[in-house]
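The structure under discussion appears below in the form of structure tokens.
Convention: sequence-line order gives letters A, B, ...; per-chain numbering from 1.
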Protein chains: 2
Amino acid sequence: MKNPLTPKQVARAIGVSESSLKRWCDRGLIPTVRTAGGHRRLPLAGVLRFLRENEHRLERPEILGLPASTGQGEWTLSRAREHLLRGLVAGDETVCRQVIFDLYLAEQSIATICDEVIAEAFREIGDQWDCGNVEIYQERRGCEIASRLLFELQLALPAPAADAPTAIGGTPEGDPYSLSTGMVALALRDLGWRATSLGSMLPFSTLKAAVANGRPKLFWLSVSAIDHREQFLQQYEELFEEFSPQVAIVVGGRALTEDVRQQMRYAAYCDNLRHLSSFATLLHAQTEPIG
Amino acid sequence: MKNPLTPKQVARAIGVSESSLKRWCDRGLIPTVRTAGGHRRLPLAGVLRFLRENEHRLERPEILGLPASTGQGEWTLSRAREHLLRGLVAGDETVCRQVIFDLYLAEQSIATICDEVIAEAFREIGDQWDCGNVEIYQERRGCEIASRLLFELQLALPAPAADAPTAIGGTPEGDPYSLSTGMVALALRDLGWRATSLGSMLPFSTLKAAVANGRPKLFWLSVSAIDHREQFLQQYEELFEEFSPQVAIVVGGRALTEDVRQQMRYAAYCDNLRHLSSFATLLHAQTEPIG
DNA sequence: GACAAAATCGTTCAAATCGTTCATTTTAAT
DNA sequence: ATTAAAATGAACGATTTGAACGATTTTGTC
């Protein structure tokens, strides 16, 4: 788990000579820092980004502190989902990390990883819970693990540009499911946005204040549970009315069934993160037509 | 807080061997003073200057910047708390990271950082919220930031030994404050335990299952809020009765006022993480007397 | 103040890394 | 197929790093 890494470690992990690695560093392909004595040190996040961009395989992942066999196997999304599910239920963070980083290195978009693997795994956990096959603590522990992995992925993403569009969002009061809004933030960051999740259980009054203070280009509301439907709809309408044309208000979440949506106005309703990504890309391109 | 730092502290904090650090001192890269006996002492200001100038991008880029700590003024815990508070309210993760890693550089124990700075900052945020000075979303966003920083700190800790004692814990149903249980897990990991937080809002039924399945040496329950007092006490008593002698059951949290505690049995009640750390150390030493 | 444990001293040494050069292999274009 | 350009891997002496060692200092406790 050492970070930053030495050139020798990385060279052996990737399976190339130290000479090549040094050249890549000097050409700026891998972000490099120097010790006071002039030796190179390579932050893990930069190495992973390089591997991903250049479609390199990891010969010896364990050297980087990653689980053995990360970055060499062929993963179908369904196999990944299976493995992740087992890891989450067992509380095995190592297994989960391997699955996620494998997918990341295989150049899957963050949105795809979240949609097809993480979200699906938790949907399955929910089903298993209904059947009494998994305990609540296993689901909660899985959420903790997933949150960590999302954060680790964020560390591997480049920092957003200073002029990148901003986005904020969260879940409304009565919805404690913070994982979903965390995934939204990460997916938007993957697109280059300066996205910040405000967390979960946020009353509409404070959501209004957040939008008013933050002036984002996009605001998302992830709704996995609704306490009082009428109140929710009314307060949401107020928020939409107040900010709608200036701020793109995007909603999503399994609690927004069709009959609920029919009583809502929104800039976009997104079933999943790929929909959201498409919309965000479109929005950014349209409002910033020249760049 | 001790201002002149020992080489060991600094070496550990910036991730370099003591040998190299000593050489850098002798080469004049880091201003060094000597004790009467010849031991090196490194003023914090000089160390920070060295990090900014020579190690521009080594290890933790977030250490550089240091808006307020660069001055020769004492970087007291209360000043750190102040800065962290402002960063949390403003949602500025960079500032918060600087504060925390400054402290990590200057202090050994994570328990102290959590107790004196993070927990205190959130207590202050709670007060400000009562006065209507901060919005709920600022508190929630602060929690998100703090969670990330705890996770980053954990990444800096060595992995627990294979034979390390295990501990699990969480917050009961009705208590959504997951930050506290996350801090407990981190403090125990700092002591070398294999600690896992199960998260928040856990019904007692599933807590029992978790203890039964995990067989930890220590179980903690962090209680920041109690929904139904009678039910809480009764279910807690059941859990204690079932596992008490084999598993050390530790409780804490601001919801456990004195009158509540008087109706509870526990291996230890901990006001803060330093109490918990003492107890955990004692427990480990007693049950593993030879090693 | 005396004592024991822990930390630090200065030093030495093997391993790793530096920058550089050069021969070989791979890639791309003619 | 031939050739030029580019990338790779291996080698070199000089320097840096991390770990070890016994001797000394600091720290905590009685």
Report, one line per pair, each donor and acceptor closer than 3.5 Å where one atom sits in a side chain of residues 11-20 of chain A; sequence neighbours left out.
{"from": "A:S17", "atom 1": "OG", "to": "A:S20", "atom 2": "N", "distance (Å)": "3.2"}
{"from": "A:S17", "atom 1": "OG", "to": "A:S20", "atom 2": "OG", "distance (Å)": "3.3"}

A:R194 CZ: over 12 foreign heavy atoms closer than 6.0 Å = no

task = Please identify each residue that fulfils ring pair (Phe, Tyr, Trp, His ring centres under 6.0 Å) with B:F240, with sequence neighbours left out.
result = none

request  = Going 5' to 3' through nucleotides 5-11 of chain C, assign each nucleotide B (protein heavy atom under 4.0 Å from a base atom), S (under 4.0 Å only from sugar-phosphate atoms) or - (no protein heavy atom that close).
outcome  = ---BSB-

task = Output all residues satisfying side chain to side chain donor-acceptor pair (under 3.5 Å) with A:N54, sequence neighbours left out; order by chain, then residue number.
result = none

Residues A:C114, A:L150; criterion side chain to side chain contact (heavy atoms under 4.5 Å, CB included); working and verdict = CA-CA 9 Å; A:C114 290; A:L150 292 184; 4.2 Å; yes

task = Rounding to 10 degrees, work out the angle separating the end axes of the helix from C:dG1-D:dC30 to C:dT30-D:dA1 (five pairs an end).
result = 50°

request  = Assess B:R261 against B:Y266: is NZ or CZ under 6.0 Å from the centre of the six-membered ring, and within 45 degrees of the ring's axis?
outcome  = no

task = Let me know the distance between CD1 of A:I14 and C1' of D:dG9, rounded to the nearest Å.
result = 15 Å

query = So, B:S197 side chain and B:A195 main chain: donor-acceptor pair closer than 3.5 Å or not?
reply = no

ask   = What distance separates A:I118 CD1 from A:C96 SG, expressed to the nearest 0.5 Å?
value = 9.5 Å

task = Report yes or no: does A:R274 contribute a side-chain atom to a donor-acceptor pair with the main-chain N or O of A:T112 at less than 3.5 Å?
result = no

Show each protein N/O and nucleotides 4-7 of chain D N/O combination with a separation under 3.5 Å, one pair to a line.
{"from": "D:dA7", "atom 1": "OP1", "to": "A:R27", "atom 2": "NH1", "distance (Å)": "3.4"}

query = Are any of A:S20's side-chain N or O atoms less than 4.0 Å away from OP1 or OP2 of D:dG9?
reply = yes

key: Aromatic plane relationship, B:W24 with B:F50 - under 30° parallel, 30 to 60° tilted, over 60° perpendicular   = tilted

